[in-house]
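Read the structure below first, then the notes.
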Amino acid sequence: MAKKKWNELSSPARRLIIVGGVLEGVLKVAALIDLARRPASEVRGSKVRWALAVTLINSVGAVPAAYFAYGRRPLSR
């Protein structure tokens, strides 16, 4: 498949790319804020490794979602 320039993409395709990028950015920021505020004892694994994974892996939100789903320990009551 030949690469297309931005102007050659359909309007829905451009919107999808923009929405995906914004969604990933919002999830990354939310995950990093939560990670920074959460004590290390409430995080499964290393906070540094989670921060690196969330920041560096371009995942369309999969890594931030994995952090929220599996990286945080449940609150003990």
Side-chain angles (χ1 to χ4, degrees):
M1 179 174 6
K3 291 184 180 181
K4 289 186 177 183
K5 294 183 180 179
W6 183 257
N7 293 337
E8 297 172 343
L9 294 173
S10 67
S11 212
R14 286 186 280 191
R15 275 192 221 114
L16 184 63
I17 292 169
I18 291 170
V19 168
V22 169
L23 180 63
E24 181 172 4
V26 167
L27 282 171
K28 282 185 178 194
V29 168
L32 290 171
I33 289 171
D34 183 81
L35 189 59
R37 291 181 178 173
R38 189 170 296 275
S41 62
E42 293 181 12
V43 176
R44 290 187 177 122
S46 166
K47 286 178 73 167
V48 171
R49 287 185 182 160
W50 273 113
L52 287 172
V54 167
T55 305
L56 298 177
I57 298 174
N58 188 6
S59 60
V60 190
V63 174
Y67 166 72
F68 284 120
Y70 305 109
R72 304 184 310 168
R73 294 187 189 277
L75 295 175
S76 57
R77 295 178 186 202

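Heads up: numbering here begins at 1 and tracks the sequence.
The main-chain N or O of Leu35 is found under 3.5 Å from a side-chain atom of Lys47 such that the two form a donor-acceptor pair.
Grouping the Ile, Leu, Val, Met, Phe, Trp and Tyr side chains by contacts below 4.5 angstrom, directly or via other members, places Leu16 apart from Val22. Both Phe68 and Trp50 sit in one connected hydrophobic cluster of ILVMFWY residues. Membership requires side-chain heavy atoms under 4.5 Å apart, directly or through other members.
The shortest heavy-atom contact between Glu24 and Ile57 is OE2-O, 3.9 Å. Nearest heavy atom pair, residue Lys3 against residue Glu8, reads O-OE1, 4.3 Å. Considering all non-hydrogen atoms of both residues, Val54 and Ala31 come closest at CG1-CB, 4.1 Å. Minimum interatomic distance between Arg38 and Val43 (heavy atoms only, all atoms of both residues): CD-CG2, 3.8 Å.
We find the CZ-CG distance between Arg14 and Asn7 to be 6.5 Å, quoted to the nearest 0.5 Å.
With contacts defined as side-chain heavy-atom distances shorter than 4.5 Å, the pair Tyr67/Leu27 does not qualify.
With side-chain heavy atoms closer than 4.5 Å counting as contact, directly or through intermediates, the hydrophobic cluster containing Leu52 also holds Val48, Leu56.
Counting heavy atoms of neighbouring residues, nucleotides and ligands inside a 6.0 Å radius, atom CZ of Arg44 exceeds 12 of them.
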